[in-house]
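One structure below.
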Amino acid sequence: MKKITIAIDGFSSCGKSTMAKDLAREIGYIYIDSGAMYRAVTLYCLRHGLFHGDEVDTDHLKTALPHLNISFKLNPETGRPQTYLDGALVEDDIRTLAVSSKVSIVAALDFVREAMVSLQQQMGREKGIVMDGRDIGTTVFPDAELKIFVTASPEIRARRRYDELQAKGEEGSYEEILENVKERDRIDTSRTVSPLRKADDAIELDNSHMTISEQKEWLAAQFRKATEAE
Ligand SMILES: Nc1ncnc2c1ncn2[C@@H]1O[C@H](COP(=O)(O)OP(=O)(O)O)[C@@H](O)[C@H]1O
Ligand SMILES: Nc1ccn([C@@H]2O[C@H](COP(=O)(O)OP(=O)(O)O)[C@@H](O)[C@H]2O)c(=O)n1
């Protein structure tokens, strides 16, 4: 069967990567978490003291960015992809609230977006890819055959992320996480370069009241429809 490109965009913490990963594994496609790439750049900035409040030392970052090596490798035990920064596993380090609270600032920088989008397009040039993020259907793969835009209420999203961080033993109150979810949505939708928005041809899914397995079924059905149409 001819392989297609699948773009899954939407607001923070609504379940995009959960559904994207499951689908990719089931249909044998590559899964790329584009948010992990912006998170890895943010981790680099934090580790190298490039933040002054909410300002980033862009001169330093511009020089460093071409030399940063962001890659994904499958965890042999779980079969799930994990993020590496300059050869070191950073999957847990990029998911902390410290990174979440700065990532949207870094992701709004035009030169950072340019570099990440170019890497993402290279990763998807053979098709057979599921990528999730904010601008995949609008900027990275505007010709994707299947585009999904996911939403859920901020309170529900914050609850999901809170439960996830608690299970990992991470810091962070529900209120802090809700604040972060809302603030990232605000920055992501209002930035100048590739703001978060639904592509005109994307199918919208509000999964506020859906279980993980219901949304998985829903996405599998959308995939069947899209490939039948090919
Ligand atoms: N429909 C759902 N119901 C409840 N929890 C969900 C649902 N979808 C995803 N989750 C959980 O919510 C959290 C955020 O999901 P994730 O896929 O990381 O979101 P995103 O990629 O949109 O940021 C995860 O802990 C995930 O297990
Ligand atoms: N394609 C993308 C993906 C993420 N991002 C940025 O990276 C941040 C983290 O993305 P993410 O997908 O890991 O966010 P979560 O919703 O998983 O918390 C987002 O809040 C955006 O600021 C982006 O700008 N463009």
Side-chain angles (χ1 to χ4, degrees), residues 7-24 31-43 45 70 80-81 83 90-91 93-110 112-121 123-124 130-141 144 148-168 170 172 177-178 180-197 199 205-219:
I8 303 188
D9 289 305
F11 295 95
S12 77
S13 315
C14 51
K16 301 179 299 295
S17 57
T18 305
M19 57 165 45
K21 263 181 220 165
D22 281 350
L23 177 71
Y31 164 68
I32 299 288
D33 175 352
S34 68
M37 300 168 72
Y38 293 97
R39 286 175 177 273
V41 176
T42 307
L43 183 67
C45 294
I70 300 169
R80 301 206 160 211
T83 314
V90 292
E91 186 59 30
D93 297 340
I94 61 168
R95 310 279 167 199
T96 59
L97 200 50
V99 170
S100 295
S101 67
K102 297 286 189 205
V103 63
S104 290
I105 298 168
V106 173
L109 298 170
D110 53 359
V112 172
R113 298 207 73 79
E114 210 174 287
M116 295 303 113
V117 168
S118 155
L119 270 175
Q120 290 152 8
Q121 288 173 335
M123 290 169 172
V130 186
M131 192 175 287
D132 77 324
R134 302 293 186 283
D135 61 341
I136 310 305
T138 53
T139 302
V140 181
F141 301 125
I148 308 290
F149 190 82
V150 196
T151 68
S153 79
E155 288 73 19
I156 287 179
R157 292 189 274 127
R159 170 60 56 189
R160 289 175 181 170
R161 188 42 54 87
Y162 173 75
D163 290 345
E164 177 188 327
L165 291 175
Q166 283 283 301
K168 284 200 225 158
E170 295 273 346
I177 291 168
L178 177 60
N180 175 254
V181 158
K182 288 184 177 167
E183 178 62 4
R184 279 200 286 136
D185 288 352
R186 188 189 65 74
I187 303 177
D188 294 346
T189 49
S190 63
R191 69 181 173 225
T192 322
V193 198
S194 301
L196 167 64
R197 67 167 183 84
L205 172 72
D206 181 338
N207 71 357
S208 298
H209 303 292
M210 266 178 152
T211 63
I212 289 179
S213 63
E214 283 167 349
Q215 74 201 17
K216 185 174 160 183
E217 280 306 306
W218 179 90
L219 184 60

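All ligand and atom numbering here is 1-based and tracks the order in the structure.
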My understanding is that we take every heavy atom of each candidate and find the minimum distance to [atom]. Doing that for [options], which one comes out nearest?
atom	options	answer
atom 15 (O) of ligand 1	Gly15, Ser17, Gly10	Gly15
atom 25 (O) of ligand 1	Lys216, Glu164, His209	Glu164
atom 8 (N) of ligand 1	Gln215, Arg95, Arg160, Glu214	Gln215

Looking at [X], which atoms of ligand 1 are within less than 4.0 Å of one of its heavy atoms?
X	value
Arg161	14 (C), 16 (P), 18 (O), 19 (O), 23 (O)
Met210	1 (N), 2 (C), 3 (N)
Asp132	21 (O)

Main chain of Gly137, side chain of Asp9: is a donor-acceptor contact present, judged purely on distance under 3.5 Å?
yes
Donor-acceptor contact present, side-chain Lys16 to main-chain Phe11, <3.5 Å:
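Checking the backbone N and O of Phe11 against the side chain of Lys16, a donor-acceptor pair under 3.5 Å is found.
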In chain order, what residues pass the ring pair (Phe, Tyr, Trp, His ring centres under 6.0 Å) check against Tyr31, with sequence neighbours excluded?
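Here no residue qualifies.
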Would you please say whether a donor-acceptor pair under 3.5 Å links the side chains of [X] and [Y]?
X	Y	value
Asn207	Arg157	no
Ser17	Asp33	no
Ser100	Arg39	yes

Any N/O pair Ser12/ligand 1 closer than 3.5 Å
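Min N/O separation from ligand 1 is not below 3.5 Å for Ser12.
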Consider every N or O of Thr18 and every N or O of ligand 1, then say whether any pair is closer than 3.5 Å.
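In this structure, Thr18 places an N or O atom under 3.5 Å from an N or O of ligand 1.
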Around ligand 2, what residues show up once you keep those with a heavy atom under 4.0 Å from it?
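These residues qualify: Ser12, Ser13, Lys16, Ser34, Gly35, Tyr38, Arg39, Val103, Ser104, Ala107, Arg113, Gly133, Arg134, Asp135, Ile136, Arg161, Arg184, Asp188, Arg191.
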Among protein heavy atoms, which sits nearest to atom 7 (C) of ligand 1, and what does the distance come to when rounded to 0.1 Å?
Ile212 CG1, 3.4 Å
Can you list everything that forms a side chain to side chain donor-acceptor pair (under 3.5 Å) with Arg161? Sequence neighbours excluded, please.
Ser13, Glu164
What residues, two or more places apart in sequence or in another chain, satisfy side chain to side chain donor-acceptor pair (under 3.5 Å) together with Ser208?
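Residues passing side chain to side chain donor-acceptor pair (under 3.5 Å) with Ser208: Asp206.
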Nearest atoms (heavy-atom pairs only) where Ile94 meets Val99
O-CG1, 3.4 Å
So does Arg134 pair up with Asp185, basic N to acidic O under 4.0 Å?
no
